[in-house]
Amino acid sequence: MNMEATGTDDVDKLKTKFISAWNNMKYSWVLKTKTYFSRNSPVLLLGKCYHFKYEDENELLPARSGCTIEDHVIAGNVEEFRKDFISRIWLTYREEFPQIEGSALTTDCGWGCTLRTGQMLLAQGLILHFLGRAWTWPDALNIENSDSESWTSNTVKKFTASFEASLSGERELKTPTISLKEKIERYSDDREMQNEIYHRKIISWFGDSPLAVFGLHQLIEYGKKSGKKAGDWYGPAVVAHILRKAVEEARHPDLKGITIYVAQDCTVYSSDVIDKQCTSMASDNTNDKAVIILVPVRLGGERTNADYLDFVKGILSLEYCVGIIGGKPKQSYYFAGFQDDSLIYMDPHYCQSFVDVSIKDFPLETFHCPSPKKMSFRKMDPSCTIGFYCRNVQDFKRASEEITKMLKISSKEKYPLFTFVNGHSRDYDFTSTTTNEEDLFSEDEKKRIKRFSTEEFVLL
């Protein structure tokens with residue numbers, strides 16, 4: 001009987017490896033494809049603008065940069081852009097992590113992409129909160145670039161090693177790490193070392209284990225309250241509410257100073273946001289909280305309306321923006337910037353091995369994307385969730401004024417995509433969304449999530 005059970009487990013493990021390998025082969029061509037940037041147009045990345053044009057036209061683009069400029073002419077601060085982009089936290093499919101409770105799944109390959117893009121948006125919000133927008137990872141330009149050979153060869157080598165290890169009963173080799181001595185020598189001052197501690201801490205909160213506060217296991221647990229389970233497809237609106245509950249329920253002392261607000265029916269009620277910012281668990285703490293505002297929207301009917309392009313570009317140009325949970329039909333991406341009419345994104349559809357983030361000095365390389373990808377705005381699915389970060393109440397008021405102006409300009413005499421209104425939601429005859437420990441989603445939230453879910457695209 002035990003032998004039969006063991007045999008079944010081995011078959012399931014091999015099946016999982018083949019599924020992961022299939023997904024890697026299916027998506028690795030995207031990762032190895034070079035991304036072309038124009039030298040004549042600015043590039044916007046989460047509120048920061050980069051110009052790729054030098055006065056000296058004779059300078060050449062380094063081959064390792066991962067960004068190819070048209071006409072083979074480098075322009076401006078390409079390396080600064082690369083360093084900024086690579087410093088964003090990249091969260092992808094993983095395999096061989098601890099089994100998800102209530103299922104036999106040890107990978108999210110094929111179904112967890114929107115949860116991953118949601119994690120990336122929240123991670124960017126936490127980077128702004130703890131490190132600031134100017135922060136970049138000192139090792140960003142040292143990680144391997146996804147050139148035309150590396151991703152494909154790594155996929156094959158990784159799968160072969162994993163397959164052979166499964167037959168021999170051996171564990172796959174761990175990724176080599178930088179020693180603590182090398183790390184101390186690399187960071188020039190206490191500030192940089194402190195930043196690196198927070199950098200690692202933020203990534204560890206998204207680890208693929210039941211104890212990680214924003215890990216896949218926890219997010220799935222919160223998703224059960226809205227009728228979702230491991231292996232289901234999650235839409236951008238559902239993920240917004242799951243992230244809100246995850247932040248509200250997080251008990252880590254460093255996370256007491258931040259909260260999440262999810263817009264109701266494309267409306268941000270300013271008094272509700274400020275109430276959340278001014279609610280403190282500690283009675284002696286008078287500081288208002290930072291808030292991440294998530295706004296689920298649709299940019300059209302069955303297809304994205306081209307009239308919304310300027311609005312999306314405007315949003316990604318704001319210093320408050322933490323990105324967009326979106327994608328194209330059947331694939332979720334984390335949108336972080338644009339050039340001309342193309343969106344710049346990070347793709348979660350690459351299955352990587354589980355990394356135990358509880359180990360001191362765990363490797364960071366697989367949590368940073370070595371090369372940006374672009375897609376035409378026209379291919380974007382209309383369902384998405386937009387994110388903003390505000391450090392305090394004053395910051396929120398300033399952001400709401402600035403975003404409202406942008407909404408009015410971009411709406412072109414049509415009804416804006418979403419609105420900021422004064423007062424509480426209860427003032428407009430909406431049910432107040434009070435929750436308790438037993439019911440993480442109120443009945444009003446469940447109805448709203450269900451309505452959004454029926455409109456959203458299916459994600460693979």
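- A side chain to side chain contact (heavy atoms under 4.5 Å, CB included) with I220 holds for exactly one of I100, I242, D232; it is I100.
- Taking the six-membered ring for Trp and the full ring otherwise, the centers of Y334 and Y345 sit at least 6.0 Å from each other.
- In terms of the side-chain hydrogen bond (donor to acceptor under 3.5 Å, both in side chains) criterion, K397 has no residue partners (sequence neighbours excluded).
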- Task: Decide side chain to side chain donor-acceptor pair (under 3.5 Å) for Y333 and Q331; before the verdict, give the C-alpha distance in whole Å, the side-chain angles of both, and the deciding distance to 0.1 Å.
- Result: CA-CA 7 Å; Y333 298 147; Q331 293 178 37; 2.6 Å; yes
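- Residue L121 forms a side chain to side chain contact (heavy atoms under 4.5 Å, CB included) with just one option from V239, I324, L294, L91, and that option is L294.
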- Message: S226 vs V238, test: side chain to side chain contact (heavy atoms under 4.5 Å, CB included). Steps then yes/no.
- Response: CA-CA 8 Å; S226 62; V238 173; 4.0 Å; yes
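- Inspection of the S332 and T117 side chains reveals an N or O donor paired with an N or O acceptor under 3.5 Å.
- In this structure, C369 and R88 have side chains that are not in contact, with every pair of non-hydrogen atoms separated by 4.5 Å or more.
- Atoms NZ and SG, on K289 and C390 in that order, are 15.0 Å from each other to the nearest 0.5 Å.
- Judged by distance alone, the side chain of W90 and the main-chain N or O of P370 form no donor-acceptor pair under 3.5 Å.
- Taking NE2 from H241 and NZ from K228, the interatomic distance works out to 13.0 Å, rounded to the nearest 0.5 Å.
- With a 6.0 Å cutoff to the six-membered ring centre and a 45° limit on the axis angle, R398 does not count as a cation-pi contact of F420.
- Donor-acceptor pairing under 3.5 Å is recorded for the side chains of D356 and S358.
- Y350 and Q352 form no side-chain donor-acceptor contact under 3.5 Å, judged by distance and modelled atom types alone.
- Other residues, nucleotides and ligands contribute only 12 or fewer heavy atoms inside 6.0 Å of the NZ atom of K379.
- Counting only heavy atoms from C-beta outward, the side chains of T259 and Y261 never approach each other to under 4.5 Å.
- To the nearest 0.5 Å, atom CD of residue Q194 and atom CG of residue L131 are 9.5 Å apart.
- A donor-acceptor distance shorter than 3.5 angstrom exists from the side chain of Q99 to the backbone of S103, with no hydrogens or angles considered.
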- Item | From CA spacing to verdict: side chain to side chain contact (heavy atoms under 4.5 Å, CB included), T92, T366 | CA-CA 9 Å; T92 71; T366 63; over 6 Å; no
- Run the numbers on I386 and F311 for side chain to side chain contact (heavy atoms under 4.5 Å, CB included), then give the verdict. CA-CA 11 Å; I386 299 166; F311 168 74; 3.8 Å; yes
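- Taken to the nearest 0.5 Å, the NZ atom of K83 stands 13.0 Å off from the CG atom of N77.
- Between N195 and H199 there is no side-chain heavy-atom pair separated by less than 4.5 Å.
- Using a distance-only test at 3.5 Å, with no hydrogens or angles considered, no donor-acceptor pair links the side chain of D340 to the main chain of S342.
- Proximity of the aromatic rings of F97 and F354 is defined here by a centroid distance below 6.0 angstrom, and this criterion is not met.
- With rounding to the nearest 0.5 angstrom, the CG atom of L219 is 6.0 Å from the CG atom of L243.
- In the model, H424 has a side-chain atom that pairs as donor or acceptor with a side-chain atom of D275 under 3.5 Å.
- Here the side chains of F335 and I344 are not in contact, with every heavy-atom distance at 4.5 Å or above.
- No salt bridge links K330 with D381; every basic N to acidic carboxylate O contact stays at or beyond 4.0 Å.
- Side-chain contact between F388 and I292 is absent, with no heavy-atom pair separated by less than 4.5 Å.
- Taking the six-membered ring for Trp, Y428 and Y269 have ring centres closer than 6.0 Å.
- Rounded to the nearest 0.5 angstrom, I258 CD1 and R391 CZ are separated by 8.5 Å.
- Side chains of K229 and L105 form no contact here, defined as non-hydrogen atoms less than 4.5 Å apart.
- Counting only residues at least two apart or in different chains, salt bridge (charged side-chain N to carboxylate O under 4.0 Å, His left out) contacts with residues 112-135 comprise D84-R133, D108-R116, R116-D208.
- The shortest distance between side-chain heavy atoms of E221 and K224 falls below 4.5 Å.
- Side-chain contact between I89 and M346 is absent, with no heavy-atom pair separated by less than 4.5 Å.
- Judged purely by atom type and a 3.5 angstrom limit, N392 uses its side chain to pair as donor or acceptor with the backbone of D395.
- At a cut-off of 3.5 Å, with distance as the only test, no side-chain donor of T304 or R298 sits close to an acceptor on the other residue.
- A distance of 6.0 Å or more separates the ring centres of F338 and F377.
- Aromatic pair F130/Y198: centroids less than 6.0 angstrom apart.
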- Message: Between S270 and V421, is the side chain to side chain contact (heavy atoms under 4.5 Å, CB included) condition met? List the steps.
- Response: CA-CA 6 Å; S270 297; V421 301; over 6 Å; no
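- Here E248 pairs with R244 in a salt bridge; the nearest charged N to carboxylate O distance falls below 4.0 Å.
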